[in-house]
Amino acid sequence: AEPKLLYLDCDIVCLCDLGALFSRDLSGHCLGAIAMGEKQGRGHSRRLGLRASTCINSGVLLMNLEKLRRDIPDYAEQLFAIISDPAMRYPDQDALNVFFDARPDGFLYLPDDYNFRIEHDDRAVLPMPDYKGKIIHFAGKKPWNVLTTPGLYYWKYYAKAFPDEDVF
């Protein structure tokens, strides 16, 4: 059984060495995750009734499977019960925030560059070199729906990989 797992959403482009992220010491935490940011995170935190001041975004997760199996053997069942709640706006992400918020060993907060969400501030219009070394997450604005600097750049690779009828 693997001791750790790195999860990446499907709307991610990695412009860094994932080995550096994967080798992070979780220091007894269940998950390594990236906070949403003050404005968005506080709103989600209030909506979910959490004690944490900000929520995590579930697009990039470093999971300490060894600790989860040992300390919370039924964590998957417990998370599924929370996900099933119709009040969960973003079911997987909300469930993780609710479940691990109550645990002091829940989240190890990782640097924002590991989940660089394009929809925040002016991140969608940075010069291409400014994205180097980051994990770009098209969480809100997908490159196929909105023209963004990294979206335009990576869209051409996506378009080459699939037949025209699948892309357009």
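- For the pair D92 and S58, the tightest heavy-atom approach, listed with the atom from each and the gap, is OD2-OG, 3.6 Å.
- Although no hydrogens or angles enter the test, the distance criterion places a donor-acceptor pair under 3.5 Å between the side chain of D94 and the main chain of Y90.
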Going through the checks in order, is the side-chain contact (heavy atoms from CB on, under 4.5 Å) test met by F100 and I56?
-> CA-CA 10 Å; F100 289 107; I56 60 102; over 6 Å; no
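- For the pair D9 (side chain) and D11 (backbone), a donor-acceptor distance under 3.5 Å is absent.
- No side-chain heavy atom of P3 sits under 4.5 Å from any side-chain heavy atom of L65.
- Two residues are said to be in side-chain contact when any heavy atoms from C-beta on lie closer than 4.5 Å; D130 and R123 fail this criterion.
- Between the side chain of Y131 and the main chain of L126, a donor-acceptor pair closer than 3.5 Å is present.
- Annotation for Q78: atom CD counts as buried by contact number, over 12 foreign heavy atoms lying within 6.0 Å.
- Put simply, CG on L31 and CG on L68 are 6.0 Å apart, with the number rounded to the nearest 0.5 Å.
- A donor-acceptor pair is defined here as one N or O able to donate and one able to accept, closer than 3.5 Å; no such pair exists between the side chain of R89 and the backbone of A87.
- Put simply, the side chain of R24 reaches to within 4.5 Å of the side chain of P111, judged on heavy atoms.
- With rounding to the nearest 0.5 Å, the separation of NZ in K132 from CG in D113 is 13.5 Å.
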What's the verdict on side-chain contact (heavy atoms from CB on, under 4.5 Å) for M88 and L48, showing C-alpha distance, side-chain angles and the deciding distance?
-> CA-CA 8 Å; M88 297 291 121; L48 295 171; 4.2 Å; yes
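- Atoms OH and CE, from Y7 and M63 in turn, are 10.0 Å apart once rounded to the nearest 0.5 Å.
- When only modelled atom types and interatomic distance are considered, H29 and N64 share no side-chain donor-acceptor pair under 3.5 Å.
- Using a cutoff of 4.0 Å between basic side-chain nitrogens and carboxylate oxygens, K67 and D105 are scored as salt-bridged.
- Cluster partners of L6, by chain and number: L8, I12, L18, L21, F22, L26, I34, V60, L62, L108, L110, Y114, I135. The rule joins Ile, Leu, Val, Met, Phe, Trp and Tyr whenever side-chain heavy atoms lie under 4.5 Å apart.
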Take L96 and L61, measure what side-chain contact (heavy atoms from CB on, under 4.5 Å) needs, and give me the verdict at the end.
-> CA-CA 10 Å; L96 289 169; L61 297 171; 3.6 Å; yes
Chi angles and distances behind the side-chain contact (heavy atoms from CB on, under 4.5 Å) call for F107, C30 | CA-CA 6 Å; F107 298 121; C30 296; over 6 Å; no
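- The structure places CG of D101 at 7.5 Å from SG of C55, a figure rounded to the nearest 0.5 Å.
- Within the 3.5 Å criterion, the main-chain N or O of M36 finds a donor-acceptor partner in the side chain of R117.
- Between atom CZ of residue F99 and atom CZ of residue F80 there is a gap of 14.5 Å, rounded to the nearest 0.5 Å.
- In this structure, L50 CG and R47 CZ are separated by 9.0 Å, a value rounded to the nearest 0.5 Å.
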